[in-house]
Each structure stands twice: as structure tokens, then as C-alpha cells.
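The structure appears below as C-alpha cells.
So you know, we letter chains A, B, ... as the sequences are listed, proteins then strands, and number each from 1.
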Amino acid sequence: MNSSLLVVVLALGIAYGTPLLYASLGELLAERSGVLNLGVEGMMLVGAVTGFWAVQRVHAASPLSLAIGVVAAALAGAAIAAIFAFLVITLRANQIVSGLAITIFAGVAGLSSYLANDLNLAQSPAAHQFQPIFPKSVQDWPVVGPIVFGQNALVYASWLCVALVWLYLWRTRPGLNLRAVGEAPASADAMGIHVVAYRWAHTLAGGAFAGVAGASFTLALTPQWSDGITAGSGWIAIALVIFAFWRPELCLVGAYLFGALQALSPQLQARNIHIGPTVLWTSALPYVMTIVVLVLASASGARRRFGAPAALGVPYVREER
Amino acid sequence: VFALLLSGVVLEATGHGAVPSFRKLFDAAFVSSGALGQTLVAATPLAFTGLAAAAAFRMRLFNIGGEGQLYIGAITAAAAGLFLGGHGWPSALVIAAMVLAGAAGGAAWASIAGVLRAFCRTSEIITSLMLNYVAGYLLTYLIFNSESYWRETSGFDAKVFPVGKDMPNAAVWPAWTIHLQGGIAIPLGAGIAALVAVGLWFLYSRTRFGFEVKVLGDSPHAARYAGMRTRRKILAVMAISGGIAGLAGASQVGDFRHTLDADPNGMQKQYYGYTGIVVAALARYNPFAVLLVAFLIGGLQNAGNTLQGADFPSGLVGVVQGLILFSALGGELLVRYRIRFTRHARVESPPPATETA
């Protein structure tokens with residue numbers, strides 16, 4: 001029963017969805033403050049390479065070195081985000097072009113591959129990797145075993161993050177301020193909220209989440225390094241935030257849905273199930289789905305109803321209001 | 001220049017001599033034997049994708065689907081080349097058909113995002129980007145996972161590793177050779193790119209259409225008020241942009257690869273479409289500047305490819321590109337800021353940018 005297609009795809013979907021979830025939570029925080037960060041993919045890759053490197057270098061017990069790896073990845077992601085924040089918040093450069101510049105700078109043919117090459121990371125498996133934390137007997141429970149209890153610590157931590165982000169956004173004063181900054185920066189400023197500081201802080205937090213997302217590739221999903229290991233999932237994460245109408249709890253649903261779609265393709269092939277050009281449609285499906293969802297989300301003024309921050313992508317210049 | 005300094009710092013910091021690395025880069029790009037020809041090979045697709053991005057970005061229509069439009073252009077151009085070339089049409093006609101097919105393919109692919117933007121107001125950034133992946137999978141599928149028209153199905157090699165059919169001779173684009181530096185071949189695609197640049201310049205600075213596009217980009221509300229047709233412009237500009245990107249694909253098939261290259265380490269690893277955005281941004285969307293920047297970035301890429309190995313760090317090219325772009329973006333803002341500062345200085349004393357640390 002636990003090897004049936006549905007259970008396997010759901011269990012793998014949660015695993016594959018985890019980096020998407022981290023990255024989209026980070027992107028959500030940045031977008032809520034009015035910063036459209038298109039550099040997620042680059043930040044993920046740098047986080048992935050840094051986290052991997054930290055785990056290879058630190059000679060400590062497995063949980064400790066993994067924790068250090070994740071922290072290192074978060075810091076690296078935030079460092080790249082700092083460049084981005086400087087460009088778009090302080091210098092008010094175009095957010096779209098700057099985001100692309102970040103991805104080119106840090107991405108597949110950029111810093112991440114440079115660092116990996118320099119530190120000689122390719123072709124070796126991770127020294128430690130995240131393992132399922134529940135005992136085998138629990139994992140073997142029917143259906144819920146593999147899906148709920150067969151995951152690693154990063155997955156459970158991501159659930160915690162969803163809850164924390166939700167609480168932060170909707171139940172705390174800084175969260176309220178953050179939403180105000182994203183909706184109406186001029187009014188927020190008039191209320192005494194430091195718009196620039198909020199944007200900086202949440203862009204950095206977004207970068208840190210992206211870094212962790214990268215590390216969940218190199219330390220959990222595919223515990224090794226290869227150039228461009230994230231394969232465009234940073235971009236999917238950006239789309240996911242729109243898909244989730246800027247809500248953390250829907251990010252979770254969306255991330256697992258996309259994760260499941262990614263898991264579906266190899267599973268169908270492994271089981272010799274062919275429906276039309278299987279390889280083509282299963283691998284292209286997540287991307288097509290994103291487009292369909294975007295169309296649905298953007299049709300007939302739904303954007304406003306579902307909560308796109310009104311000032312998304314607009315640099316804030318105090319004197320121009 | 002600032003970017004070069006910065007990347008010098010990166011190099012020194014990681015234990016590679018900065019000066020020798022740059023000298024090697026420069027030599028491999030422009031000086032050493034055959035280098036200029038190779039640089040042109042790298043620059044031609046970048047000129048196309050750069051022009052494609054410039055055409056769309058000028059209207060603040062962020063078509064980042066150049067990559068996918070290039071793939072589709074390559075697929076349609078290859079189809080035209082294989083079909084007409086295989087039926088014994090004269091070479092000139094086959095080439096013209098490939099050019100048209102490539103442009104049409106790219107334009108059609110871009111129009112998916114264009115239509116969605118025009119009629120559903122869907123962000124063209126994400127849709128065009130997602131379509132890149134779809135196009136990539138389609139390209140891979142045609143050669144690796146199916147017995148499609150484009151795939152070579154006979155012969156020993158084809159059984160070992162799936163490849164695309166070779167283009168018939170009539171579908172191979174000519175090149176002009178300059179006898180310098182051991183022969184520099186100027187591919188037909190480079191010539192077409194130059195023509196496209198002239199055409200784009202004319203369209204954007206000498207016609208009413210171009211004027212309206214620029215107004216729509218800079219001030220959509222004013223444009224609406226003046227009664228400009230936003231939807232039509234979006235559709236047209238996306239199609240133009242996609243068409244130019246499709247030409248890059250056609251040129252890949254006709255000029256350089258002479259087959260539909262679906263190898264994941266081949267055309268798809270070059271990221272011409274994404275780099276084209278860098279090129280366009282650096283050229284500030286000016287078509288002639290795009291040609292120049294494409295040549296320089298092409299040199300950088302070519303050098304990166306030739307030098308990649310033990311003593312030359314891979315990924316440096318992307319780093320340098322990114323740094324150049326950061327500097328350009330930052331510099332542009334400083335220039336703009338200075339203008340604003342003098343204008344506002346009389347009205348209010350605190351300069352705006354000091355509010356951040």
C-alpha cells in the first residue's frame with residue numbers, strides 16, 4: 001500500500017516541495033514589503049553551494065554540522081540579497097533588471113559555479129545529509145507513515161516556518177507594519193514606519209530563506225553538488241507566491257502540489273505508464289500549471305481581491321509623494 | 001571599469017592572479033589566432049537575443065522568454081531547412097524560408113505570453129519565463145524521447161546517442177571570410193542581426209509606432225489618455241521581440257550547428273536568451289549599442305569557453321557579467337540621482353538617498 005503511486009508521489013512531493021516552500025516563503029516576505037525579488041534562483045544556488053561546503057568542512061557530529069550548513073546557507077543567501085537590496089532599495093534600480101542581474105551573477109554560470117569549482121565540491125557526496133527522523137517502524141505505518149513521518153528535519157522545520165510567518169504577518173505589530181509598507185509606503189512612512197529599513201530587513205530575510213531552500217537541495221534532496229542544481233525552482237517559487245495569493249499557508253499547498261508534479265514524471269516512467277508523450281507533458285506540466293494559475297489569478301481584477309501588495313515593484317522615494 | 005576592479009578583487013581573494021586572468025581573457029577573446037571569429041560565433045546569437053530584449057524592454061514589456069523563443073525558432077527553422085532543402089529547393093530560397101520560419105516560430109511562442117498579457121493582464125515576466133522551460137523540454141523531447149521529423153534515425157551514431165538530422169547543404173548559411181588573423185568568418189546571421197538593428201532603430205525612432213511604444217513604456221496612463229491602443233502594441237511588440245529571438249535560433253541552426261541541437265550540454269547550456277537581457281540592459285536598449293555590447297560580451301563568453309579548465313575558474317564569466325551589470329545599474333542611478341539632487345536642492349535641503357545606511 002505504501003508503494004502505491006499516490007502515496008509515493010505525495011511523499012516525494014513533500015520532499016521535492018520543501019525547497020520551493022522555503023524559497024516562496026522568503027519571496028513572500030520580500031514581496032509583502034513591496035520588493036519583487038527575481039534573484040531567488042541565484043540566491044538559492046549560492047546558498048546551496050555554501051551550505052554544502054560548510055558541511056564538508058566542519059568536522060562535527062552530523063546534526064551539528066548540518067545545522068551549521070543550513071545557517072551558512074542562510075547567511076550566504078542573505079549576503080546576495082544584500083547586494084540586491086542595495087541596488088533596488090538604496091539605489092532604486094529597476095527591480096526586474098536587478099533581479100535578473102543577481103541571477104546571472106550568482107547563478108548557473110556565475111558565482112555558485114565559480115565557488116564550487118574553486119572549492120572543489122563537485123563529484124563528492126555530502127559528508128552528512130538530512131535523514132528521516134522518525135524510526136522505521138513509524139515510517140511503515142500505512143499511508144501516513146511515508147507521507148507524514150518519512151520526512152527529514154528540514155521538512156518539519158519548514159512547517160514551523162509557515163506557522164511563524166503566518167503568525168508574524170497577521171498577529172504581530174511588525175507584520176502589520178510590513179503589510180502597510182507593501183500596500184502604501186507613503187502612508188506607512190507618515191505613520192512613522194521606517195519603509196527602507198523594513199524593505200531591507202525583509203529582502204534579507206527572503207534571501208536567507210532562499211539560501212536554506214538551496215541547502216535543502218544539496219543537503220537533503222540530492223546530497224551532492226552540480227552546477228545549476230536547483231533547475232529553475234527559484235523561478236517556480238516566484239510564481240508560487242502569486243499562486244498562493246501572497247499567503248504563507250497557501251504557499252505550503254502550492255509547493256507540495258508542484259513537488260508532487262515533479263515527482264510524478266519519473267514515477268510514471270518507472271512504472272511504465274504511458275499517456276501520450278509522457279516525458280514531455282509530465283516534465284512541462286509544472287510550468288504550464290504555473291501559467292494557467294497565473295492567468296486565473298490575474299483575470300478580472302482578482303489580483304486586487306487576492307492581495308497583491310499594491311506597491312509591489314515600486315521603489316519608494318520619500319519626496320516624490 | 002569598476003566592474004573589472006571588483007572582479008579583480010574576487011579573483012585575488014580566491015587566489016587567482018587578477019592581471020594574468022584578465023590578460024588571458026582578453027587574448028582569448030580578441031587577439032589570439034581565430035579568436036575574433038570565435039567571438040563572432042558567440043556574439044551573433046547575443047546580438048539577436050539582445051535586440052529581442054531591447055525591443056520589448058523599451059516598452060517596459062519584460063519578455064524574458066528569449067531563451068524559449070530561440071529554441072522554438074531553431075525548431076521551426078530546422079523544419080524548414082530539412083523539408084525544403086530535402087526537396088531540392090535552391091539554397092537562397094531555403095535560407096530565406098528558414099529565416100522566416102525561425103522568426104515566425106519565435107514570434108508565435110512569444111505571442112502566447114503577449115496574448116495573456118494583453119487580454120488577461122497576466123505578468124509576461126513569469127509566463128514568458130515558464131515557457132522557456134516548456135520550450136526546452138519540447139526541444140529535448142523532439143530529439144531524445146521521440147522519433148520526430150528532426151531526429152536522425154539511421155546510422156550507427158544515431159543508435160548510440162540521439163542526435164538531430166544534419167541540415168542538407170542548401171540549408172547551410174554562407175559566411176564571408178576576411179583574411180586576417182588566419183581567417184575571420186563573418187556568419188550570415190551577424191549580417192542579419194545588423195540589418196535587424198537598423199530596422200529596429202528605424203522603427204523605434206522614426207515611426208509613429210515606435211513613438212507610441214516608447215510613450216506606453218514611459219507613461220502608460222498618458223498613452224491611454226492620448227488614445228493609444230495598448231493591447232495591439234503589446235501583441236505587436238511581443239511578436240517582434242519573439243521573432244528576433246527566433247532568428248537567433250534560426251541562425252544557430254543555419255550558421256553554426258547545422259542540426260537541431262538538443263544536447264543538454266549544447267545550445268541549452270549557453271543561455272543566450274538570458275545573456276541577451278544583460279546585453280540589452282547594458283546597451284540601454286539602443287539597437288546599435290546592443291551590437292557593440294553583444295560583441296564584447298561575446299568575447300567574454302568565448303574566452304570563458306576556451307579557457308575553462310584547470311587554471312581558469314569556471315563561472316568567472318557569469319560573475320564578471322553580473323558585476324558589470326551591477327555597476328551599470330548602480331552608475332545609471334547615480335547619474336539620475338545627481339540630476340534630481342540639483343533640481344530639488346533649492347526646494348528642500350536634505351538629500352533623499354541619505355536616509356539609508
With I291(A), the side-chain contact (heavy atoms from CB on, under 4.5 Å) member among L131(B), L129(B), T122(B): L131(B)
Parallel, tilted or perpendicular: which fits the ring planes of Y133(B) and Y287(A), with parallel below 30° and perpendicular above 60°? parallel
Which heavy atom of C120(B) sits nearest to which heavy atom of V295(A), and what is that distance? SG-CG1, 3.9 Å
Residues in side-chain hydrogen bond (donor to acceptor under 3.5 Å, both in side chains) contact with N177(A), at least two apart in sequence or another chain: Y198(A)
Could you grab the distance from atom CD1 of I238(A) to atom CD1 of I125(B), nearest 0.5 Å is fine? 9.0 Å
Using the test side-chain hydrogen bond (donor to acceptor under 3.5 Å, both in side chains), find all partners of Q262(A) that sit at least two apart in sequence or belong to another chain. none
Is it the side chain or the backbone of I102(A) that comes within 4.5 Å of chain B heavy atoms, both, or neither? both
Calculate, to the nearest 0.5 Å, the distance between atoms CG and OG1 belonging to L100(A) and T275(B) respectively. 11.0 Å
Report which part of L138(B) has an atom under 4.5 Å of a heavy atom belonging to chain A: side chain, backbone, both, or neither. both
